[in-house]
Amino acid sequence: LSTKINGITISAVAGMGDKVNGVASNLIRNQFIYVNGLELGLINEAGKVNGIQIGLINKTTKLKGLQIGLWNVNSKRKLPIMNWGI
């Protein structure tokens, strides 16, 4: 069973799934395989991001976009405050 979200997902604790096309917003944690849009939460984790991650900790293996947070990790570098990928 796969979880694909087209639009907006909002939850109090955690959001998980395969793919997001739109916005994933959670108070604690986001964990998706592919994000095409915005991921917003304390901890954001994704396999591939095409868009923006905003949170305290942001982590992805492939980034085409921007990470804004206390600690940002992608396949090219680990940086505080802001990180990017092309």
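As a basis for the values below, the full set of heavy atoms in this structure was taken, side chains included, without hydrogen atoms, waters or symmetry mates. Sequential numbering from 1 along the given sequence is applied to the chain's residues.
- The CD atom of Glu39 lies 9.5 Å from the CD atom of Gln67; values are rounded to the nearest 0.5 Å.
- Lys64 NZ to Asn36 CG: the interatomic distance, rounded to the nearest 0.5 Å, is 9.5 Å.
- Under the 4.5 Å side-chain heavy-atom criterion for ILVMFWY residues, a single connected hydrophobic cluster contains both Met82 and Leu40.
- Atom CD of Gln53 and atom CG of Asn83 lie 9.5 Å apart (nearest 0.5 Å).
- Proximity of a side-chain donor or acceptor of Thr61 to a complementary backbone N or O of Gly47 within less than 3.5 Å is detected.
- Checked by atom type and distance alone, the side chain of Thr60 pairs as donor or acceptor with a backbone atom of Ala46 at under 3.5 Å.
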| task | I would like to know whether Val49 and Phe32 meet side chain to side chain contact (heavy atoms under 4.5 Å, CB included); could you show each step before the answer? | result | CA-CA 9 Å; Val49 174; Phe32 293 96; over 6 Å; no

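- A donor-acceptor pair is defined here as one N or O able to donate and one able to accept, closer than 3.5 Å; no such pair exists between the side chain of Asp18 and the backbone of Lys4.
- Atoms CD1 and CG, on Ile52 and Asn44 in that order, are 11.5 Å from each other to the nearest 0.5 Å.
- Looking at Arg29, its side chain never comes within 3.5 Å of a backbone N or O of Glu45 through a donor-acceptor pair.
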| task | Could you give me the CA-CA distance, side-chain angles and deciding distance for Met16 and Thr3, then say whether side chain to side chain contact (heavy atoms under 4.5 Å, CB included) is met? | result | CA-CA 8 Å; Met16 296 180 192; Thr3 307; over 6 Å; no

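- Heavy-atom minimum distance, Trp84 versus Leu79: CZ3-CD1, 3.9 Å.
- In the hydrophobic clustering of this structure, Leu38 groups with Ile10; members are Ile, Leu, Val, Met, Phe, Trp, Tyr whose side-chain heavy atoms approach within less than 4.5 Å, directly or through other members.
- Surrounding CD1 of Ile8 are at most 12 heavy atoms belonging to other residues, nucleotides or ligands under 6.0 Å away.
- How far NZ of Lys62 is from CG of Asn74: 12.0 Å, rounded to the nearest 0.5 Å.
- Hydrophobic clustering, with ILVMFWY side chains joined whenever heavy atoms are under 4.5 angstrom apart, groups Val13 together with Leu27.
- Annotation: the span from Leu56 atom CG to Ile43 atom CD1 amounts to 8.0 Å, rounded to 0.5 Å.
- Ile5 and Val23 end up in different hydrophobic clusters when Ile, Leu, Val, Met, Phe, Trp and Tyr side chains are linked at under 4.5 Å.
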